[in-house]
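Report on the following structure.
Per chain, numbering begins at 1; letters A, B, ... match sequence-line order. None of these values were measured; they are calculated from a predicted model.
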There are 2 protein chains.
Amino acid sequence: MSCILRLSQSLRARGYRVTPQRLAILEALHHEGHLSPAQVYERVRQTGMTEATVYRTLEFLRANNILFAAQREGGHLTYELAGASHHHLICRTCGAQVDLEAEALQRLIACLEQQSGYRLDASHLTLFGLCPNCQACNEIRDPEPRDTRDQVS
Amino acid sequence: MSCILRLSQSLRARGYRVTPQRLAILEALHHEGHLSPAQVYERVRQTGMTEATVYRTLEFLRANNILFAAQREGGHLTYELAGASHHHLICRTCGAQVDLEAEALQRLIACLEQQSGYRLDASHLTLFGLCPNCQACNEIRDPEPRDTRDQVS
DNA sequence: ATCCTTATTGATAATTTTTGCAATAAAGAC
DNA sequence: GTCTTTATTGCAAAAATTATCAATAAGGAT
Ligand SMILES: [Mn+2]
Ligand SMILES: [Mn+2]
Ligand SMILES: [Zn+2]
Ligand SMILES: [Zn+2]
């Protein structure tokens, strides 16, 4: 509540307008985790808002650092209210998600910034891989990753 | 050439088939940098291949570690022949790209893997930020980031 | 060379995301 | 409150991406 009010003021201060559409979307994302544009639309369609507006608004709010965007596998976008910086590890096989404190990467990011001269906005990264469970499954399924080095065709 | 031949054998060994469509796409990506699906299609449409096939084939080759995929700003995918592991820094303002040796992140990735138990496939990451030039521009444009802390409305 | 199995493609439709532009309405001035 | 400016929306069409399914053809066997 107070949170959304503060965001409204911040928007107006930058010359943007606070519309019922933007408020509805912020409300929908309030306390929910990551939502896809379609999921956001579900939660606000009652207001009569268009899908196009959902896409535009999400991108607008992200560009203004009010939302974090994250890429699910395959590149589909997902949004959440921007808050404490954090990152995600997602299992490519079962989809399990783990959150990472930002500081886990902080040092590295700083290091990269110094090396490259870039100022990175890496406050919300997503890395893909295999969770411990799925690693175990794979080992069982592929008992001995056969040696194919010197195989002659 | 020899490169594509090796890939073909690798595919057949896994029970997949080597089709003129797959060869054309690999050929198109040979020596080119990152291409979007549309750009790939441009380069192979003469063969009569469908756009659907381009999308399917790119995803197929990526899933089989023959291509790297990268997300451009906004989440649009881009592909390149998988080769030496490397990462990208992209400027959100001017689009300037910098490549990073993989080893720059290697240590951190290993560290994250140990902490989380995940096995990460972070061989081709893209980070966004501001390049040195655009940082300078912004400083000129926003001379004094005014203090708005105690501003009463 | 011929036959068989089935992985892969083309054609088409469905879905998702983006775009252009006229109509609307937020918010500041009065 | 009314007026004015112009950021924002709805609408409709375009473009990009994905899904379905019958027809095709790769590649192994004979
Ligand atoms: Mn998140
Ligand atoms: Mn690359
Ligand atoms: Zn898993
Ligand atoms: Zn730049």
* 5' priority, DNA chain C, between B/Gln21 and B/His76 [closest heavy atom] -> B/Gln21
* Structure fact -> Judged by nearest nucleotide, the residue sitting upstream toward the 5' end of DNA chain C, B/Met49 or A/Ala38, is B/Met49
* **Close side-chain approach of B/Phe128 to B/Cys91, heavy-atom, < 4.5 Å** => no
* Would you say B/Leu81 and B/Leu26 make side-chain contact, with heavy atoms under 4.5 Å? -> yes
Could you tell me how far apart [X] ([atom1]) and [N] ([atom2]) are, to the nearest whole angstrom?
{"X": "B/Phe60", "N": "D/dT17", "atom1": "CZ", "atom2": "C1'", "result": "19 Å"}
{"X": "B/Arg14", "N": "C/dT8", "atom1": "CZ", "atom2": "P", "result": "12 Å"}
{"X": "A/Tyr41", "N": "C/dT15", "atom1": "OH", "atom2": "P", "result": "14 Å"}
{"X": "B/Glu51", "N": "D/dA14", "atom1": "CD", "atom2": "C1'", "result": "13 Å"}
{"X": "A/Leu77", "N": "D/dA16", "atom1": "CG", "atom2": "C1'", "result": "14 Å"}
{"X": "B/Leu26", "N": "C/dT8", "atom1": "CG", "atom2": "P", "result": "13 Å"}
{"X": "A/Leu23", "N": "C/dA27", "atom1": "CG", "atom2": "C1'", "result": "14 Å"}
{"X": "B/Arg45", "N": "D/dA16", "atom1": "CZ", "atom2": "P", "result": "11 Å"}

* Would you check if there is a donor-acceptor pair between the side chains of B/Arg12 and B/Ser8 at a distance under 3.5 Å? => no
* **Inter-axis angle, terminal five-pair segments of the helix from C/dA1-D/dT30 to C/dC30-D/dG1 [nearest 10°]** => 30°
* Asked: Is B/Arg43 paired with B/Glu32 through a side-chain N to carboxylate O contact shorter than 4.0 Å?
  -> yes
* Would you please indicate if the ring centroids of A/His87 and A/His124 are separated by under 6.0 Å? => no
* Are A/Tyr16 and A/Phe60 close enough that their ring centers fall under 6.0 Å? -> yes
* Can you check each nucleotide of nucleotides 24-30 of chain D against protein heavy atoms at under 4.0 Å and return B for base, S for sugar-phosphate only, - for none, in 5' to 3' order? => -BBS---
* Asked: According to a strict under-4.0 Å criterion, is B/Thr53 in side-chain N/O contact with OP1 or OP2 of C/dG10?
  -> yes
* Is B/Asn133 atom CG crowded by more than 12 heavy atoms from other residues, nucleotides or ligands, each under 6.0 Å away? -> no
* Give B/Ala52 one of three labels, base, sugar-phosphate or nothing, depending on what nucleic acid heavy atoms sit under 4.0 Å from its own. => base
* Within the structure shown, what part of the strands sits under 4.0 Å from B/Arg22 by heavy-atom distance: base, sugar-phosphate, or nothing? -> sugar-phosphate
* **Worked verdict on B/Ser10 versus B/Arg14 for side-chain hydrogen bond (donor to acceptor under 3.5 Å, both in side chains)** => CA-CA 7 Å; B/Ser10 148; B/Arg14 291 181 244 183; 2.6 Å; yes
* Hey, which of these two, A/Gly15 or B/Arg56, hits DNA chain D nearer its 5' end, going by closest nucleotide? -> A/Gly15
Validation: residues 99-115 of chain B side-chain donor-acceptor distances under 3.5 Å, sequence neighbours left out:
| from | atom 1 | to | atom 2 | distance (Å) |
| --- | --- | --- | --- | --- |
| B/Asp99 | OD1 | B/His88 | ND1 | 3.1 |
| B/Glu113 | OE2 | B/Leu120 | N | 2.7 |

